[in-house]
Enquirer: 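Before we start, here is the structure in question, set down as structure tokens.
Throughout, a chain's letter reflects where its sequence line sits, starting with A, and its residues are numbered from 1.
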Amino acid sequence: MQEKYSPQEIELKWQKYWYERKLHITPPTPPLNKGGISKGMSLNKGGQGGVEKFYCLEMFPYPSGKIHMGHVRNYAIGDVIARYKKMNGFNVLHPMGWDAFGLPAENAAIKHGVHPAKWTYENIDYMKKQLNRMGLSYDWDKEVTTCSPEYYKWNQWFFLKLYEKGLAYKKASFVNWCLSCATVLANEQVIDSKCWRCDSAVIQKELEQWFLKITHYIEELLQGCDELKGWPERVVAMQKNWIGKSEGVEVDFLVEGINEKLRIYTTRPDTILGVTYMCLAPGHPLTEKLIENKVKLESVKEKYSKMEDKEGLFAGHYVINPLTGEKIPIYVANFVLMEYGTGAIMSVPAHDQRDFEFAKKYGLPIKEVIVPEGGAEEQKNRRTEEAFEDEGVLVNSGQFSGMKSEDAKKAISKFIEEKGLGKITVNYKLRDWGISRQRYWGTPIPIIYCDTCGIVPVSEKDLPVILPEDVKFTGKGVSPLLESEAFLKVNCPKCGGNARRETDTMDTFVDSSWYFVAYCLKGGLDFKFQISNLQSPIDYWMPVDQYIGGIEHAVLHLLYSRFFTRAMRDMGILNVSEPFTNLLTQGMVCKETWKCPEHDWLFPDEVKDGKCVHCGKEVEKGRVEKMSKSKKNVVDPNALIEKYGADTMRLFSLFASPPERDLEWSDKGVEGAYRFLNKIWGIVYKYRAEAQKSRSAEVTSGLPGFRASALIRKTHQTIKRVTDDIEKDYHFNTAIAALMELVNDISSFVPETDEDRTVAEIAIKNTLLMLAPFAPHITEELWEVIGCKNSIFEQPWPAWDEGLAKEEEIELVVQENGKLRTKIIIPAGLSDVEAKQKALEDPKIKQILNGKQIKKVIVVKGKLVNIVTG
RNA sequence: GCCGGAGUGGCGGAAUUGGCAGACGCAAGGGACUUAAAAUCCCUCGGGGCUUGCUCCGUACGAGUUCGAGUCUCGUCUCCGGCACCA
């Protein structure tokens, strides 16, 4: 053993060892009865008939070129969990793969002329090496790469299955079109009417698009949210929010003079008596019919859904309020959305702020029909300043006057339904999922257009439809696939005549909506074979027990995966509804930033004594921001590994903060983690000779009567703490802190007898075992040094002995009226009466209590005595 | 605006069911070793007061409940994240 810890050497050594011993390869799936054994086996660790399974999954990366710190953190967390579960006897599936389709590859092709496939596969090779250099325990036999034909074949297969069921359909619709990316964006990909990727403005364009009918499962997806007990609350809230269910009523208003009905949707039927005008979306079918002045209409259209101001135009027609018979003017307004509800609203300016503002602008009447319950005083000024949007009591509402909003909603809805004026309706914000992309580097949609037969799906036996190679990447607005003759021209599967292929490819979120199921199958994917298969490994492994990834996927990826899981369930491929039992959304990796007034963001080494090295100007210390190239605050994992090794990098990224919270990177903190590993190295170096001699010593059980039992006690307390911290909510930072305490104790322990040396050895072995999931290489090395055979990861996780962990003496806090007065040492396990006795006998307490009246004494067992005085 | 989450030393962060506020780490200061430095080891490290042992104050702010509040309740402020003209 070398005296000095050299991470490079030992890390490569053990990575090679793990690879050669196939240590990370998942054991074969035990034989199953469909749905039966996995349940029956639970909690049966290592007994007859197999063990409990644990599926540990981290979000797979896009192969952009290099691993960054966000990946490091994500995968370090996952690796600790996987290794910990293995040591606890679970049958663990811990796979990794590549989310390999997507725009950057195509952009690289346009810019540098390198084919997307070449670019992607080279990146994958490099990043895979990086992941292995981190010492992550992936079973690469399960690897998936979404851009490979054997993977995307199943995208196409799923598409066909959905098409058969009517869950994939084509429709012409206005879609979001990004001029800069020259592609269609899903509603979810438009943020503040800008492209989610390039931030440029999005325009509306009419195109034929393929949609997946996620709304088929919408109610189930919403209800299912309440079952997601293992998910962070905020993610569940975001999912619900995105689905956006609202309950209301649709009502028909007759348009006066022409034979038309105007249907609106409202969630506030209690205010229907307060309607003073109607508003249509500019794109509403009636709009064109009613408006004569097309020029003015254009100007309203231009301002459609622009937040700045409300713009409207009188349509020259009136409707009749079916409840009052009142004549009400119709307007076209830019703020009314065609995509939601019916594209038309009833306007109640007294009780809706938007309607109020619009009414003020166009001088429309405001009719109050709701007053706050109880207080009538503050009403007056309200009428002139803002709408009263709360619920209250109805006034000026005929037969409904005097009712509470809540009751009136029901009564009026019922009235409307009974009179045939409309119906109670549920609305959702979530739309069907538009998956068509005018891009090359994605899954071809397996559809053929025939002049005689129309839309014809590719037959299953002809899958996969493979991306052609003879494609030019110009970056122009049309799909590159349109230029490939060989791809485009095809014979119709039905009539054999001339036909052409669909040239759009699928949204890459399709790829990631089922990859977690693909991992369950080793090699050659075949879902057809999995349908109602009684021995399916999918049934064994699904659902994912722990999913770990970034919060940025809180809505889209997770929602689509939940949708796909249900669709697969209904195809008979699996028998769960929710894919991810527990979800951990790790925080971002951040670092301080520097900004020069002239040179903008600076690298840390461009700052000397608070001044910019280029211009000498005073540098402003920027905020702590998420690591990004543009802010020049990134830390390169390669450089860290080179300097400190993978174990240190992993350890620090786990120690600096709990996983769900943001992590502030600190170069000094990394050195602290490195120091800690060096300290353990030094300890083992010191004890190595003795340890090798006495390999008979029990690892976890204590030997009573030791003088050094304090260290044994600390060891057992630490096993308990570390286990609890990991089990509770993966709070690795406190688990590592506990290990640091134990190491500090070992390091200051001076053994005098042989027994002492055995005690030290027990403490050291347990420390190594507990540290192993966090810092796998150094612990393997030291495990070997002290003479243990086999991998440390073939050892069981240590167990603590409650008796040995128990303190013999405790420090009793003595308070007077809740204020700390003194602390006394008493034997553990005293009764409340005895503890009280000891406290009152203490000389200092006696002195303080002198002459005071004791009202009562509160005893908290093993902790504290509080004396309440008068 | 609505929905989440957070606010604790110089810093990152700890504190079962309400029970010693500040674990662990970083930074800082002092000391040992050294020709010197690095590394390592030891000590100090929330603030105030003084008689250096004690004492008072202290978990964003203001109330409250309680023998006792970082933790529970109500109100206020600030920050972060998500959604947002969704009728």
Side-chain angles (χ1 to χ4, degrees), chain A residues 4 191-192 232-242 244-246 248 264-268 271 279 281 304-310 333-337 339-348 351-355 357-358 389 427-430 551-552 554-555 587-588 590 592 624 652 655-658 660-673 675-676 678-679 682 721 724-725 728 731 733-744 747-748 811-823 855-869:
Chain A
K4 195 171 168 293
I191 295 149
D192 291 335
E233 254 180 77
R234 61 177 176 147
V235 177
V236 177
M238 281 158 79
Q239 295 255 318
K240 283 186 181 171
N241 201 341
W242 199 262
K245 182 179 184 175
S246 79
I264 58 92
Y265 171 74
T266 181
T267 55
R268 290 296 299 272
T271 64
C279 284
Y304 177 62
S305 83
K306 290 266 189 319
M307 291 283 281
E308 295 90 64
D309 44 9
K310 297 192 171 34
N334 68 327
F335 69 91
V336 179
L337 303 174
E339 301 85 50
Y340 187 77
T342 61
I345 60 163
M346 63 176 208
S347 292
V348 186
H351 305 295
D352 183 289
Q353 190 59 26
R354 290 159 304 174
D355 296 346
E357 285 165 23
F358 191 85
E389 296 188 315
N427 250 304
Y428 300 91
K429 284 199 267 183
L430 181 70
I551 186 74
E552 65 272 19
V555 181
M588 297 180 299
C590 303
E592 61 181 12
V624 174
F652 175 73
F655 175 65
S657 73
E660 71 280 3
R661 229 192 286 181
D662 285 353
L663 179 154
E664 190 184 329
W665 197 265
S666 147
D667 295 336
K668 294 287 186 186
V670 175
E671 279 173 34
R675 262 202 291 275
F676 171 64
N678 271 291
K679 200 168 187 175
R721 270 177 71 189
D724 285 351
D725 285 346
K728 208 172 69 191
H731 277 190
N733 56 330
T734 51
I736 294 167
L739 283 170
M740 285 173 168
E741 281 186 47
L742 178 57
V743 167
N744 288 343
S747 131
S748 54
E811 201 179 40
L812 186 76
V813 171
V814 186
Q815 297 180 331
E816 181 204 5
N817 293 335
K819 279 188 181 169
L820 177 70
R821 288 300 175 217
T822 192
K823 298 172 188 178
K855 276 189 178 166
K856 98 175 130 160
V857 178
I858 287 142
V859 182
V860 180
K861 208 168 199 58
K863 278 203 176 138
L864 136 169
V865 171
N866 186 17
I867 302 156
V868 185
T869 58

Enquirer: Expressed in angstrom and rounded to an integer, what is the separation of A/K679 atom NZ from B/U40 atom P?
Expert: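 A/K679 atom NZ is separated from B/U40 atom P by 10 Å.
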
Enquirer: Hey, does the Lys NZ or Arg CZ of A/K245 hover above the aromatic six-ring of A/Y428, less than 6.0 Å from the centre and inside 45° of the axis?
Expert: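 Judged by the rule, A/K245 and A/Y428 form no cation-pi pair.
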
Enquirer: Give a yes or no on whether a donor-acceptor pair under 3.5 Å exists between the nucleobase atoms of B/C83, that is its base, and the side chain of A/K429.
Expert: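 No, the side chain and the base share no sub-3.5 Å donor-acceptor pair.
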
Enquirer: Check whether any side-chain N or O of A/N866 sits under 4.0 Å from OP1 or OP2 of B/G19, and answer yes or no.
Expert: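 Checking B/G19 against A/N866, no side-chain N or O comes under 4.0 Å of OP1 or OP2.
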
Enquirer: B/C20 base to A/K823 side chain: any donor-acceptor pair below 3.5 Å?
Expert: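 Such a pair exists between side chain and base.
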
Enquirer: What's the CH2-P distance between A/W242 and B/C83, to the nearest Å?
Expert: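 After rounding, the gap between these two atoms is 6 Å.
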
Enquirer: Which dot-bracket notation, 5' to 3', represents the base pairing of RNA chain B when pairs are defined as Watson-Crick or G-U with both distances under 3.5 Å, crossing pairs as [ ], and inter-strand pairs as |?
Expert: (((((((..(((......[....))).(((((.......))))).(((((..)))))..(((((..]....))))))))))))....

Enquirer: Indicate syn or anti for B/G9, taking the glycosidic torsion and treating anything within 90° of 0 as syn.
Expert: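 Syn.
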
Enquirer: Rounding to an integer number of Å, can you tell me how far A/R821 CZ sits from B/C56 P?
Expert: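 Rounded to the whole Å, the gap is 5 Å.
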
Enquirer: Measure from the side-chain heavy atoms of A/K310 and tell me the nearest of B/A87, B/G19, B/C85.
Expert: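 The answer is B/C85, which lies nearest to the side chain.
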
Enquirer: Between A/Y265 and B/A87, is there a side-chain N or O to OP1/OP2 distance below 4.0 Å?
Expert: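 No, because none of the side-chain N or O atoms of A/Y265 sits under 4.0 Å from OP1 or OP2 of B/A87.
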
Enquirer: I need the CD-P distance between A/E671 and B/A28, as an integer number of Å.
Expert: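 Rounded to the whole Å, the gap is 11 Å.
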
Enquirer: Is the shortest side-chain N/O distance from A/N744 to OP1 or OP2 of B/G25 below 4.0 Å?
Expert: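 Indeed, a polar side-chain atom of A/N744 lies that close.
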
Enquirer: Kindly indicate whether the side chain of A/R354 and the base of B/A87 share any N or O donor-acceptor pair separated by less than 3.5 Å?
Expert: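 Check passes, donor-acceptor contact within cut-off.
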
